[in-house]
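Below you'll find the structure, written out as structure tokens, and then a few comments.
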Amino acid sequence: MKFRPCIDIHNGKVKQLVGGSLKDEGNQAEENFVSGKSAAEFANLYKKDGLTGGHIILLNAVSSKYFEATRQQAVEALKAYPGGMQIGGGVTDENAPHWIEAGASHVIVTSFVFRDGKINYENLKKLAAAVGKEHIVLDLSCRKKQGDYYIVTDRWQTFTEEKVSTELLHTLSAYCDEFLIHGVDVEGKGNGMEEELIKIISNFDQTKITYAGGISSIDDVRKFGELCQGKLDYTIGSALDLFGGRLPYEKIKKM
């Protein structure tokens with residue numbers, strides 16, 4: 001179990017957003033924090049502290065007027081820490097090789113693989129052919145519906161038919177190196193974790209999984225370790241003092 005750092009970029013700035021609040025129309029989102037530092041400055045910090053496997057997420061659609069500013073921030077962060085971070089946001093089989101060449105260790109993918117509510121195996125195979133499964137992280141971020149967790153796409157707004165389960169993880173692990181799973185309904189709210197989700201995904205230990213959502217204290221980190229039996233990695237965003245929260249980054253990085 002280890003801490004994975006993050007850099008979320010929206011409208012050309014490093015931000016922390018409330019989960020599920022992001023809308024492409026008008027480039028709107030409910031913001032927890034907007035940093036005055038560049039993505040590259042955060043990448044340099046993580047590099048200095050020896051933190052690997054973190055993720056950079058581009059939160060603007062390609063059609064957005066802010067996309068180029070967001071993309072440039074991501075490029076500079078990868079230059080600052082080549083091989084040290086993963087990248088996601090609008091990744092396809094066509095642009096994935098460019099991100100790997102730019103310095104990303106992995107590309108993180110959701111919408112390209114989950115189309116029309118289902119897994120698009122053709123796209124998944126094209127992605128694996130483009131960069132190799134060893135460079136792929138599948139983002140299975142999910143929300144609860146009728147007692148089960150379903151993968152969501154389109155800025156976490158659209159439910160797919162795919163339910164998060166050990167069976168699904170087993171099937172998809174043939175095409176990726178890792179999974180990233182956000183508990184979207186608690187993301188950015190600091191009101192606790194998706195404990196049931198953590199238990200479900202920690203039952204699968206064939207592929208590395210990073211969980212995000214609701215961890216906001218040292219006690220939460222300890223409880224998370226107990227819930228997952230130390231099998232999962234975790235990331236923390238808006239709760240960290242780096243992003244305006246109360247949880248000391250210096251303590252977390254040492255844990």
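It should be emphasised that the depicted structure is a prediction, and the values quoted were computed from it without experimental measurement. Residue numbers start at 1 and run along the sequence shown.
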For this session: Let me see the working for D8 and Q16 under side chain to side chain contact (heavy atoms under 4.5 Å, CB included), right down to the final yes or no.
Result: CA-CA 7 Å; D8 292 349; Q16 284 293 313; 3.6 Å; yes
For this session: Begin with the C-alpha distance, continue with both residues' side-chain angles, and end with the deciding distance and a verdict on side chain to side chain donor-acceptor pair (under 3.5 Å) for S141 and D139.
Result: CA-CA 6 Å; S141 295; D139 184 341; 2.4 Å; yes
For this session: May I have the step-by-step check of side chain to side chain contact (heavy atoms under 4.5 Å, CB included) for I236 and Y249, ending in yes or no?
Result: CA-CA 9 Å; I236 304 172; Y249 165 76; over 6 Å; no
Exercise. Between T166 and N203, does a side chain to side chain donor-acceptor pair (under 3.5 Å) hold up when you go through it step by step?
Worked result: CA-CA 7 Å; T166 53; N203 284 329; over 6 Å; no
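A ring-centre distance under 6.0 Å is not found for F114 and Y150.
Between H170 and F204, the angle of the ring planes goes over 60°, which puts this pair in the perpendicular group of the 30/60° scheme.
At least one cation-pi condition fails for K133 and Y175: the charged atom is not both under 6.0 angstrom from the six-membered ring centre and inside a 45 degree cone around its axis. Figure legend: K163 and Y149 shown without cation-pi pairing, the cationic atom not lying both under 6.0 angstrom from the six-membered ring centre and within 45 degrees of its axis.
Between the side chains of D177 and H106, at least one donor N or O lies within less than 3.5 Å of an accepting N or O. Under the 3.5 Å distance criterion, with hydrogens and angles disregarded, no donor-acceptor pair is assigned to the side chains of Y211 and E194.
For K145, the NZ atom is densely surrounded, since the number of other residues' heavy atoms within 6.0 Å is greater than 12. The neighbour count for K2 NZ, taken as heavy atoms of other residues, nucleotides or ligands under 6.0 Å away, is above 12. Applying the 6.0 Å contact sphere to CD of E122 captures no more than 12 heavy atoms from other residues, nucleotides or ligands.
In plain terms, the two heavy atoms of N123 and F112 that are nearest each other are ND2-O, 2.9 Å.
Electrostatic pairing of E250 and K253 counts as a salt bridge here, judged by a charged N lying under 4.0 Å from a carboxylate O. Salt-bridge formation is not detected for the pair R246/D241: no Lys NZ or Arg NE/NH1/NH2 atom is positioned less than 4.0 Å from an Asp or Glu carboxylate oxygen. K223 has no carboxylate O lying under 4.0 Å from a charged side-chain N of D220, or vice versa, which leaves the two without a salt bridge. With respect to the salt-bridge test (charged N to carboxylate O, under 4.0 angstrom), the residues K199 and E196 do not qualify.
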